[in-house]
Amino acid sequence: MDVPRRTFLMGIGGAAVAGAAKRAWGASPAERVRIGLIGCGVRGRAFHGKVSAVCDPDPKRLGEAARAAGVASKDAVSDLRRLLDDPTIEAVVIATPDHWHTPAALLALDAGKHVYVEKPCAHNFRESQLLLTAAQNSNLVVQHGTQSRSRPAMQEAIAKLRDGVIGEVLVAKAWNIQQRGTIGHEKPTSPPAGVDYDLWVGPAEWAPYQANRFHSDWHWWHNFGTGDIGNDGAHEIDYARWGLGVDSLPSRVMAIGGKSFYDDDQQWPDTATCAWEYDIPGGKPKQLVFEMRLWSTNYPMNCDSGVEFYGTEGQMFLSKRGKLRVLGPRNAKIEEAAFGREWGFAHFDNFLSAIRGAAKPNAPMIDAHRSVAAIHLANAAIRSGASFDFDPQNETIVGDSPAKEFLARRYRADGHWAIPENA
């Protein structure tokens, strides 16, 4: 099968981006940003070789990260406060569990550090509000880890939507469908030797150590994660909202979900359908729909994740997996292309450029807040069993809804130094 010219050019673009990132990291020490990594788990490993200090309460992961990143023992610490106290650290990457994202980011901003925070930037809606305010009140760069925002092919596809390739976009349908494993049933035990579990729990409500709510499995617990709507779904919901062209919070939130497959300790749904409606001043309302099934390998468009945009004159299918299809009325084919996986660090390189004043961040906190707000509002609807109207200007649920209880979180009853103010 011949490779379309468009696909070939996209491949060249990806290589150019990777080369640019490599050149940035090959810069002289005086030009290089000294960065600290907070959280040395699965996601944190992507930044090995790009950081000058590492931090993790698990000594095994900390040691592995220090060796992989080639940092001195004095720059490998368990307590993030020691890293933030280092005046030579200009910026931090926050790749912790979700419950630490906003507390760590707020502490970093307070310490004068630029912040790259992985998705979702907050564990709950209130924390997202707090982080947005802190970012806006600082003179620092805050970049959200929604990497699709820096992929040239994704940017080009969104630009086509803006130019009206399928007319006015009124609906976006996103999905995250995959077969995840069970976390089983466990009981509390002592934490692994050497792990500072008290520090790992941090400001979250205290819960004793349990093997299936520690590394990686924390995603599936209300106290520590945001479920897969906030985990993998954060990417699709973000570029679905981006392509839909809605620069606000939704006016109506509807979501249902539950555990349909595994009998295990997981608290978040393995099956969910969420919908948000956005009121457009002077225009037609727009809808964003998200489907999640964590027990299936039957994918729409033969792709485990993606978004379909429906416009008045056609349809676009777009996936971070590198797929694009544009149809006109009655499914007349306009364009179909594939773009290769991006091996470079365009998003991170954009963060560095923004620090140096050479660019604006592609995923600033205002966009992060608008996307993760949708996630947190949907999770609130699911946990409360109540859909609701929402006031996007005042950022409040309209009326007396049980969902209000889930817009914020409970923190440690005995207090903790990382609990955000006004949370």
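Scope of the values below: all heavy atoms of this structure, side chains included, with no hydrogens, waters or symmetry mates.
Across all non-hydrogen atoms, the minimal contact from Cys121 to Ala368 is SG-CB, 4.0 Å. For the residue pair Arg321 and Ser305, the shortest heavy atom distance occurs at NE-OG, 3.6 Å. Contact detail for Val307 and Glu236: the closest heavy-atom pair is CG2-O, 3.8 Å. Between Pro203 and Pro103 the shortest heavy-atom distance is CG-CG, 3.9 Å. Considering all non-hydrogen atoms of both residues, Pro87 and Lys113 come closest at CA-NZ, 4.1 Å. Heavy atoms only, all atoms of each residue included: Gly202 and His416 are closest at O-CD2, 3.3 Å.
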Run the ring-ring contact (aromatic ring centres under 6.0 Å, His included) check on Trp200 and Phe214 step by step: do they pass? CA-CA 9 Å; Trp200 186 89; Phe214 194 44; 5.1 Å; yes
Take Arg383 and His222 through the test side chain to side chain donor-acceptor pair (under 3.5 Å) and record every step on the way to the result. CA-CA 10 Å; Arg383 293 185 68 183; His222 293 154; 3.3 Å; yes
Check step by step if salt bridge (Lys or Arg N to Asp or Glu O under 4.0 Å) holds for Asp228 and Arg180. CA-CA 10 Å; Asp228 229 18; Arg180 288 197 178 276; 2.9 Å; yes
Please test Asp238 against Lys119 for salt bridge (Lys or Arg N to Asp or Glu O under 4.0 Å), starting from the C-alpha separation and ending with a verdict. CA-CA 10 Å; Asp238 180 65; Lys119 51 76 195 165; over 6 Å; no
Verify side chain to side chain donor-acceptor pair (under 3.5 Å) between Asp304 and Asn176, making sure each step is shown before the conclusion. CA-CA 6 Å; Asp304 64 341; Asn176 166 33; over 6 Å; no
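Judged by the 6.0 Å distance and 45° axis criteria, Lys50 is positioned over the aromatic ring of Phe345. Geometric assessment of Arg241 against the ring of Tyr239 yields a negative cation-pi assignment under the 6.0 Å and 45° thresholds. Judged by the 6.0 Å and 45° rule, Arg149 forms a cation-pi pair with Trp242. In this structure, Arg213 satisfies the cation-pi test against Trp221, with its NZ or CZ atom closer than 6.0 Å to the six-membered ring centre and inside 45 degrees of the ring normal.
In this structure, the side chains of Ile35 and Val93 come closer than 4.5 Å at one or more pairs of heavy atoms. The side-chain heavy atoms of Arg325 and Leu318, taken from C-beta on, include no pair separated by under 4.5 Å.
Heavy atoms of other residues, nucleotides or ligands lying less than 6.0 angstrom from NZ of Lys286 number more than 12. Within a 6.0 Å radius of CG in Asn139, no more than 12 heavy atoms belonging to other residues, nucleotides or ligands are found.
Gln143 and Asn350 form a side-chain donor-acceptor contact under 3.5 Å, judged by distance and modelled atom types alone. Between the side chains of Asp196 and Ser78, no donor-acceptor pair is found at a separation under 3.5 Å. A donor atom on one side chain and an acceptor atom on the other are not found under 3.5 Å apart for Asn124 and His376. Between the side chains of Asn223 and Gln267, no donor-acceptor pair is found at a separation under 3.5 Å. Checking Asn394 against Thr396 by side-chain atom types alone, no donor-acceptor pair falls below 3.5 Å. Residues Asp217 and Asn212 have side chains that never bring a donor and an acceptor to within less than 3.5 angstrom of each other. A donor-acceptor contact under 3.5 angstrom links the side chains of His215 and Asp58, judged on distance only. A side-chain donor from one of Thr271 and Trp295 sits under 3.5 Å from a side-chain acceptor of the other. For the residue pair Thr88 / Arg34, a side-chain donor-acceptor distance below 3.5 Å is found, with atom types taken as modelled.
Here Phe125 and His369 bring their ring centres to under 6.0 angstrom of each other. A distance below 6.0 Å separates the ring centres of Tyr197 and Trp206. Checked against a 6.0 Å centroid threshold, the rings of Trp100 and Phe224 do not count as neighbours. Outside the 6.0 Å centre-distance limit, the rings of Phe309 and Phe317 are not counted as a close aromatic pair.
Distance CD/Gln266 to CD1/Ile183: 5.5 Å, rounded to 0.5 Å. Separation of atoms OG1 (Thr182) and CG (Leu294) is listed at 12.0 Å; rounding is to 0.5 Å. The line from CZ of Phe390 to CG of Leu377 is 5.0 Å long, rounded to the nearest 0.5 Å. The line from CZ of Phe388 to CE of Met254 is 9.5 Å long, rounded to the nearest 0.5 Å.
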